[in-house]
Amino acid sequence: MTTAFNSLRTGPDEQGRFGVFGGRFVAETLMPLILDLEAAYRAARADPAYLAELDYLGKHYTGRPSPLYFAERITEHLGGAKVYFKREELNHTGSHKLNNCVGQILLARRMGKTRIIAETGAGQHGVATATVCARFGLPCTIFMGATDVERQWPNVLRMKMLGAEVRPVTAGAGTLKDAMNEALRDWVTNVETTYYLIGTAAGPHPYPEMVRDFQSVIGTEIKEQMLEAEGKLPDAVVACVGGGSNAIGTFHPFLDDKSVKIYGAEAGGHGIDVENGHAASMTGGRPGVLHGNRTYLLQDKDGQILEGHSISAGLDYPGVGPEHAWLRDTGRVTYAPITDNEALEAFQLCTRLEGIIPALETAHGLSLVMKIAPTMGKDETIVLCLSGRGDKDVESVGRHLGFDVKRQ
Amino acid sequence: MATHRIAARFAHCAAENRPALVTFVMSGDPDPETSAEILAALPEAGADVIELGMPFSDPMADGPGIQLAGQRALAAGQTLGRTLEQVAAFRRRDDATPIVLMGYYNPIYIYGVERFVADALAAGVDGLIVVDLPPEEDDELCIPALAAGLNFIRLTTPTTDDRRLPAVLKNTSGFVYYVSMNGITGAAIKSRAAVGDAVKRIKSHTSLPVAVGFGIKTAEDAAIIGRDADGVVVGTALCVALGDSLVDGKAAPGSVEAVLSRVRELARGTRQARA
C-alpha cells in the first residue's frame with residue numbers, strides 16, 4: 001500500500017505532536033521512564049516475536065477478528081444507509097479495551113515491570129487491565145472515581161474477582177479525571193517498579209500513538225470485512241469519543257480514504273449550552289494542557305479544568321486524545337455532541353430492535369448513526385464501532401427509566 | 001539579564017554558612033487577605049526565598065496537603081491575575097526577598113505565555129517552577145521566560161541520571177530544585193544519606209545552588225538536609241499548619257501565626273545545619 005504524500009496517518013512527530021496537540025507535559029520524575037517506554041515500544045514493534053505473541057493472543061484470547069454485523073432492523077427502522085456494527089463488545093471482557101491491554105502488558109513484561117496501575121471510568125479498561133494482570137500474574141491497582149464505583153458497580157466486582165485492588169478516588173467529582181490524577185501520583189511514587197497501563201488514546205507521548213496502534217486493528221478489520229460484505233469501503237464510520245481509544249482505532253485506517261466520512265460522538269450530557277453540564281471537549285472546550293498532553297479541554301477562563309458531566313462514566317472526561325483534537329482542527333473528522341437523553345433512547349432502540357445491549361458510551365455513537373443514516377442513500381453504508389456491551393449499565397439505565405431496580 | 005535577587009540571597013546565606021530556607025505557600029489560601037498577610041510576614045519569620053503556589057484544579061505531583069491548599073484558594077476565588085497582583089503588592093514593601101512562582105502549565109498557557117512573562121516581571125517575580133514542563137517542552141515557556149529575564153528553576157529527581165542531568169540543567173537558572181524522592185509532595189524521605197549524595201552529584205554538574213524539597217517537615221529535617229544542600233524547601237508542612245488552624249474552613253485569629261511559628265522553627269533548624 002502506498003502512503004499518500006500528504007497522508008494524515010504519519011503522526012505523531014518526534015516530539016509526540018499531532019500538529020500543536022500532544023507532547024510530553026509530565027513531571028521530571030516520569031520523563032526518563034517515558035523516554036524508556038518509547039524506546040521499548042519501538043523495539044517491540046520491530047520484534048517479530050512480540051508481534052507474533054500479540055497476534056496469537058488477539059486471536060485465541062481476545063477472540064479476534066470481531067464480527068461485522070449487518071443491523072437489519074435498525075437499518076429498516078432508520079430508512080437510510082445500511083447500518084453495520086463492528087462487534088467489539090464480543091471481545092473477551094466485553095469491549096475494545098482488551099486490544100490495548102494485551103499489547104501493553106506484553107510491553108510491561110519486556111520492560112521488566114512488576115506492578116501495573118491503571119485508571120478507569122466505566123470500568124471497562126479496569127476490567128481489561130485486571131484480566132491481563134491475572135493472565136500474566138502481575139499485581140494491579142485500579143484507580144476509579146468514587147462516583148463511578150457507584151454507577152458501574154458490576155465492573156468493580158469483576159475487577160476484584162480478577163484479583164485487582166480497586167482504589168476509589170474521592171477528589172473532585174470522583175470521575176475519570178480524578179482517577180487519572182491519582183494514578184499519576186501513584187506512578188510518580190513507584191516509577192521504578194510500576195507500569196502505567198493507560199487505557200485511552202491520551203496522556204503523554206508515546207501513549208496516544210501506542211494505544212492508537214493497538215486499537216487500529218478495529219478499523220483494519222472493518223476495511224477487510226466491508227470489502228468482503230459489500231465489495232467496497234463504507235461511506236461513513238462512527239464511534240463514540242471520550243478519551244477516544246475505540247474511535248481512533250476505528251478512524252485511523254480510514255484517514256486517507258477520502259470517500260469515507262468519519263464521525264465521532266462526544267458526550268453532550270445535559271446539553272452543550274449547560275455550563276459544566278457536558279463532557280464534549282471538542283465542541284465546548286478549548287486547547288489546554290492536562291495529563292501530559294495538549295488537547296481540547298473543558299476549562300474556565302482561568303485555565304482551571306472543569307469536571308464536566310455525562311451519564312456515561314466512560315465519556316465523563318474533560319479532555320480528549322490529542323490526535324482527535326488535531327483531526328477536528330483539520331476537518332477530517334466531524335465531532336458532534338449527543339445528550340444523555342439521546343444516548344438513553346439509542347440504548348433502548350438497540351436493545352429492543354437488535355437484541356444487543358450496548359454500553360452507554362456506545363449508545364452515544366449509535367445515536368449519531370440515528371441522525372446520519374436517514375440522510376444517506378439506501379445504497380450507502382455506515383459502520384458503528386459497537387465498542388462495549390451494556391451489562392454494566394442495566395441497573396443505572398433502569399433507574400433513569402424509572403424501573404424498579406430493587407432486587408425482589 | 002535575569003533578576004539578581006535569587007543569586008544574591010543564596011550568596012548571602014552561603015556567607016553565613018547556612019542553607020537558605022525556601023518556604024512554599026499557596027497564593028490565595030485560605031483567602032486573599034490572610035494569604036497576603038502571611039506572605040508579607042514570611043521574610044521576618046526567617047524565609048530566605050519564597051515559593052508562591054499558583055493554584056491549579058489538577059495538581060498531579062502534589063499530595064493531599066498542597067492539593068487542599070490549592071482547593072481552598074480556588075474556592076476563595078484565586079486566579080493567576082490575583083496571584084501576580086499579590087506579588088506586586090509584596091514587592092512594594094520588600095525588594096530583596098526572591099519570589100518564585102510554582103505551579104502547573106495550563107493556567108499560564110491560558111493566560112498567554114507572552115503576557116504572563118511580561119506581567120510576572122513587572123510584578124517583581126524572580127523565577128518560575130512549572131512542574132509539568134520538562135526540558136523536552138522548553139520552547140513553551142522556559143525559553144521565552146529566560147529571554148525576558150526570569151529564572152527558570154528545574155526540578156531534578158532520583159530518576160534524573162547522569163546521562164540526562166546535563167539536558168535538565170542546560171536551561172536552568174537561579175537554583176536547582178532537587179526532589180528528594182520519587183513521589184508527590186508531602187511524602188516521607190526514605191534515605192537522608194542518599195539525598196546528600198545526590199546533592200553532591202548535582203553540584204559536580206553545576207555551579208548553581210541546589211535546594212532540596214519534598215518531605216522536609218521539621219527543624220531537625222532542615223538541619224540534616226541542610227548540611228549538604230544550599231537550600232531546604234518546606235511546603236506541605238506549612239500548608240497543613242494553615243489548614244489545621246482554620247475554623248469551618250475560614251481563617252481564624254491564630255492562622256497567620258500557625259504558619260509563621262513553623263517558619264521560625266524551621267529557620268532555627270537551618271541555622272543549626274552546619275553548627
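Fair warning: this is a prediction, and the values are worked out from it, not measured in the lab. Within every chain, numbering begins at 1; the chains are lettered A, B, ... in the order of the sequence lines, protein sequences first and strands thereafter.
- Of the charged side-chain nitrogens involved, at least one lies within less than 4.0 Å of a carboxylate oxygen, so that A:R42 and A:E209 count as a salt-bridged pair.
- Using a 4.0 Å cut-off between a side-chain N of Lys or Arg and a carboxylate O of Asp or Glu, A:D316 and A:R151 qualify as a salt bridge.
- Below 30°, between 30° and 60°, or above 60°: for B:Y177 and B:F175 the angle between ring planes is below 30°, a parallel geometry.
- Looking at A:L290, only its side chain comes within 4.5 Å of chain B, counting heavy atoms on both sides.
- When the shell of 6.0 Å around CD of A:E150 is examined, it contains 12 or fewer heavy atoms from other residues, nucleotides or ligands.
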Quick one, A:R212 with A:E323, criterion salt bridge (charged side-chain N to carboxylate O under 4.0 Å, His left out). Give me CA distance, side-chain angles, the key distance, then yes/no. CA-CA 9 Å; A:R212 175 199 73 196; A:E323 196 164 8; 3.2 Å; yes
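- Between chain B and the options A:Q15, A:R294, A:R286, the largest number of non-hydrogen pairs under 4.5 Å is found for A:R294.
- For B:V168, the part sitting under 4.5 Å from any heavy atom of chain A is the side chain, from C-beta outward, and nothing else.
- Ring-plane geometry between A:H309 and A:H270 is classed as parallel, the angle between the planes falling under 30 degrees on a 0 to 90 degree scale with a further cut at 60.
- The nearest pair of heavy atoms linking B:L84 to B:A120 is CD2-CA, 3.8 Å.
- Looking at every heavy atom in both residues, B:C239 comes nearest to B:R72 through O-NH2, 3.2 Å.
- Proximity to chain A (any heavy atom under 4.5 Å) is restricted, for B:L74, to the side chain, taken from C-beta onward.
- Both the backbone and the side chain of B:E136 come within contact range of chain A, with heavy atoms under 4.5 Å apart.
- Neither the backbone nor the side chain of A:L306 comes within less than 4.5 Å of any heavy atom in chain B.
- Most heavy-atom pairs under 4.5 Å with chain A, from the set B:E140, B:R163, B:Q71: that is B:E140.
- Taking every heavy atom of both residues into account, A:S281 and A:P318 meet most closely at CB-O, 3.3 Å.
- Interface residue B:D62: only backbone heavy atoms are found under 4.5 Å from chain A.
- A cation-pi arrangement is absent between A:R17 and A:F21 under the rule of less than 6.0 angstrom and at most 45 degrees off the ring axis.
- Chain A forms the most heavy-atom pairs under 4.5 Å with one residue out of B:Y111, B:Y104, B:Y109, and that residue is B:Y109.
- The nearest pair of heavy atoms linking B:T83 to B:S27 is OG1-OG, 3.4 Å.
- The residue among A:K301, A:H291, A:K177, A:R185 with the most heavy atom pairs within less than 4.5 Å of chain B is A:R185.
- Highest contact tally toward chain B, considering only A:A171, A:G292, A:P32, A:P204, is held by A:P32 [criterion: heavy-atom pairs under 4.5 Å].
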One pair to check against side chain to side chain donor-acceptor pair (under 3.5 Å): A:E28 and B:T156. What are the steps and the verdict? CA-CA 6 Å; A:E28 172 61 23; B:T156 68; over 6 Å; no
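- Heavy-atom proximity under 4.5 angstrom to chain A picks out nothing from residues 193-206 of chain B.
- The heavy-atom pair separating A:I248 from A:A201 by the smallest distance is CG2-CB, 3.9 Å.
- For A:E307, no part lies under 4.5 angstrom from a heavy atom of chain B.
- Electrostatic pairing of B:R164 and B:D161 does not count as a salt bridge here, judged by no charged N lying under 4.0 Å from a carboxylate O.
- Among A:L35, A:D186, A:T189, the residue making the largest number of heavy-atom pairs under 4.5 Å with chain B is A:T189.
- For a residue to count as touching a neighbouring chain, one of its non-hydrogen atoms must lie under 4.5 Å from one of that chain's; by this rule A:P287 touches chain B with backbone and side chain alike.
- Interface residue B:F56: backbone and side-chain heavy atoms are both found under 4.5 Å from chain A.
- Counting heavy-atom pairs under 4.5 Å between each of B:G81, B:P64, B:P59 and chain A puts B:P59 at the top.
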